[in-house]
K.L.:
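Got a structure for you, written out below as structure tokens; questions coming shortly.
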Amino acid sequence: MKNHKQYPQQLFLLLLVFCSGWPALGQNEISPSPYFSYGKGLGITSPDSLFMLNIRFRMQNRLGFISESGSNLDIATVEARTRRLRLRFDGFIYTPRLNYLIQLAFSRADMDYDDLGFPNIIRDAMIIYALTDHFSVGVGQTKLPGNRQRVNSSGDLQFADRSIVNSTFNIDRDFGLQLYYNNNFQGLYYVLRGAISSGDGRNIVSSDRGLAYTGRIELLPLGKFTNGGDYFEGDLARESSPKVSFGITYSSNQNAIRTGGQLGRYLYASRDILTDMIDFLIKYNGWAFATEYLHRDANDPITVNDQGDRRFVYVGHGQNFQGSYLFKNNYEIALRYSYVKPDPDIQLLEERTRQYTIGASKYIRGHRLKLQTDLTYEQNTWLQGDLPDHDNWQLRLQIEAGI
């Protein structure tokens, strides 16, 4: 006679076999698991190594105070917001030569909501194929090869935000074809980048008949920076020997329909916009100095609608200087001077602006986790007309966290 008391034990053993995936149930082998890595984010690689996904996020939480014009330090505006909240995915598909990049943004300023009127969350959607170790081709939406500070990630800045020169003249992101080439010629390392894009900015449903053409060259006569140090601010790598980079960018945006080409509100008529940029960077033993000059030109920059309202391309130039020193305890002091000056065509509509900024940062885990503060004195001067000049102070406190 069978012992019925053994049935629960037998049932339990069968359940264990089923959950473990043993060959006793017809499986030939245990299902392989993906590989995990922890470097710049959380990496997941498929068991057959044909797919890799890297997940990253970052946020910038900011508190700022801006004084009234001409007052001592009376607060007129309080800025309390999440300046940036980003989610990023990157990796490869089927082969390490076929890479992808996806970046989504969720804060209001990141979505260009005020200019476009809809939540534009897609920042990057790019597929890049490496034809050789030196030459790659990309298709999709991402940053154009613009000025140094724009090419640097907003998560790798030594101040709470980029300069007014960048915000006024940069060419930002666009959809199109991009080419990347880097090599070394007799000790001179160089980077070449080119783009043919829509010229109308991020996530536009349809484009005008004109395109944008952008080219950039970077020269590094003293060799590569440590850990890609030419693409983050401050000498966090503490270069053991001087490292230098020169950059030149030229962009022609034909029949542009927005005030900043790829950015800004929509013009009442299209315009051709030309932008040229020059930048310089040097780092050594905790010291860093960077400067850039940006200039924009356009044919007849002011557009007018039937009601007499005006929208215009900001034509003019600007320059940014910033220097810093990183102490061995990972505290950093930085200084910045920036100015933007409109051309005579729009000096009745725009004033010249100068900013003097001092900043301090504590890098807890490099740029991924840091505390930042900066204090800015701003002067605004009308070069034409009789409107009153004005100035103000701005104090910002920011914490950045990400992986």
Side-chain angles (χ1 to χ4, degrees), residues 143-154 156-159 161-174 178-183 185 188-195 197 199 212-225 228-235 242-253 256 260-263 272-284 287-298 301 313-324 334-343 352-357:
K143 288 181 182 179
L144 292 172
N147 58 299
R148 169 75 58 186
Q149 196 168 73
R150 187 64 187 130
V151 172
N152 290 349
S153 169
S154 57
D156 293 331
L157 305 178
Q158 57 188 173
F159 292 93
D161 221 327
R162 298 184 177 94
S163 73
I164 55 173
V165 181
N166 178 87
S167 61
T168 305
F169 297 111
N170 89 88
I171 55 177
D172 201 66
R173 285 173 164 86
D174 213 350
Q178 295 209 27
L179 306 176
Y180 314 85
Y181 183 78
N182 64 83
N183 212 329
F185 178 73
L188 173 64
Y189 184 76
Y190 60 93
V191 178
L192 305 177
R193 292 187 59 186
S197 59
Y213 305 89
T214 306
R216 177 172 173 83
I217 180 172
E218 297 174 13
L219 303 176
L220 288 70
L222 302 181
K224 290 185 179 182
F225 288 67
D230 46 337
Y231 293 106
F232 59 78
E233 293 188 349
D235 186 16
K243 293 293 188 297
V244 171
S245 178
F246 300 91
I248 300 175
T249 294
Y250 179 78
S251 175
S252 173
N253 193 339
Q262 289 82 4
L263 293 168
D272 293 341
I273 299 176
L274 303 176
T275 308
D276 49 271
M277 310 170 176
I278 302 173
D279 53 73
F280 169 78
L281 171 68
I282 183 171
K283 293 185 178 183
Y284 175 57
W287 294 92
F289 175 77
T291 183
E292 54 187 13
Y293 171 87
L294 280 67
H295 172 261
R296 180 191 289 154
D297 195 13
V313 178
Y314 191 116
V315 291
H317 69 275
Q319 194 161 4
N320 181 60
F321 304 86
Q322 60 189 62
S324 62
L335 300 173
R336 179 161 75 189
Y337 167 67
S338 307
Y339 76 90
V340 293
K341 181 181 179 181
D343 283 348
R352 180 188 66 197
T353 302
R354 301 178 187 269
Q355 285 189 347
Y356 307 83
T357 302

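Treat the numbers as computed from the prediction; the structure is a model and nothing was measured.
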K.L.:
Could you tell me if the side chain of T275 sits less than 4.5 Å from the side chain of N253, heavy atoms only?
P.N.:
no
K.L.:
Closest heavy-atom contact between Y293 and H317?
P.N.:
OH-CB, 3.6 Å
K.L.:
Mind listing the closest non-hydrogen atom pair of I171 and Q262 along with its distance?
P.N.:
O-OE1, 3.2 Å
K.L.:
Would you check, one step at a time, whether the test side-chain contact (heavy atoms from CB on, under 4.5 Å) holds for F225 with L220?
P.N.:
CA-CA 9 Å; F225 288 67; L220 288 70; 3.7 Å; yes
K.L.:
With a 4.5 Å limit on heavy-atom distance, are the side chains of R162 and S167 in contact?
P.N.:
no
K.L.:
To the nearest 0.5 Å, tell me how far I273 CD1 sits from S251 OG.
P.N.:
9.0 Å
K.L.:
Closest heavy-atom contact between D235 and Y284?
P.N.:
OD2-C, 3.4 Å
K.L.:
Check whether NZ of the Lys or CZ of the Arg K243 lies under 6.0 Å from the centre of the six-membered ring of Y189 and within 45 degrees of that ring's axis.
P.N.:
no
K.L.:
How long is the gap from CG on L192 to OH on Y180, to the nearest 0.5 Å?
P.N.:
13.5 Å
K.L.:
Could you check if a side-chain atom of Y337 sits within less than 4.5 angstrom of a side-chain atom of Q322, using non-hydrogen atoms only?
P.N.:
no
K.L.:
Any side-chain to backbone donor/acceptor pair from K143 onto N152? Under 3.5 Å, distance only.
P.N.:
yes
K.L.:
Is the backbone N or O of E218 less than 3.5 Å from a side-chain atom of R193, with the two atoms forming a donor-acceptor pair by type?
P.N.:
no
K.L.:
Find out whether P342 and Y314 are in side-chain contact, i.e. whether some heavy atom of one side chain is under 4.5 Å from a heavy atom of the other.
P.N.:
yes
K.L.:
Carefully, step by step, assess D230 and R148 under the rule side-chain contact (heavy atoms from CB on, under 4.5 Å).
P.N.:
CA-CA 9 Å; D230 46 337; R148 169 75 58 186; 3.8 Å; yes
K.L.:
Is there a donor-acceptor pair under 3.5 Å between the side chain of D156 and the backbone N or O of E233?
P.N.:
no
K.L.:
On a heavy-atom basis, which atom in N320 and which in Q149 lie closest, and how many Å separate them?
P.N.:
ND2-NE2, 3.8 Å
K.L.:
Under 3.5 Å, is there a donor-acceptor pair between the R336 and Q355 side chains?
P.N.:
no
K.L.:
Apply the test side-chain contact (heavy atoms from CB on, under 4.5 Å) to residues Y250 and Y213: give CA-CA distance (whole Å), side-chain angles for both, the deciding distance (0.1 Å), then the verdict.
P.N.:
CA-CA 8 Å; Y250 179 78; Y213 305 89; over 6 Å; no
K.L.:
Supply the atom-to-atom distance F246 CZ to I282 CD1, rounded to the nearest 0.5 angstrom.
P.N.:
8.5 Å
K.L.:
Is R150 salt-bridged to D279, going by a charged N under 4.0 Å from an acidic O?
P.N.:
no
K.L.:
If we ignore angles and hydrogens, is there a donor and acceptor under 3.5 Å between the side chains of N183 and Y181?
P.N.:
yes
K.L.:
I need the I164 CD1 to D161 CG distance, nearest 0.5 Å.
P.N.:
12.0 Å
K.L.:
Kindly compute the distance separating CG (L281) from CD (E292), expressed to the nearest 0.5 Å.
P.N.:
10.0 Å
K.L.:
Identify the heavy atoms of G146 and T249 that sit nearest to each other, and give their distance.
P.N.:
O-OG1, 3.4 Å
K.L.:
So which atom in Y339 and which in R354 form the shortest heavy-atom distance, rounded to 0.1 Å?
P.N.:
CB-CG, 4.0 Å
K.L.:
Would you give the length of the straight line joining atom CG of L157 to atom OG of S163, rounded to the nearest 0.5 angstrom?
P.N.:
10.0 Å
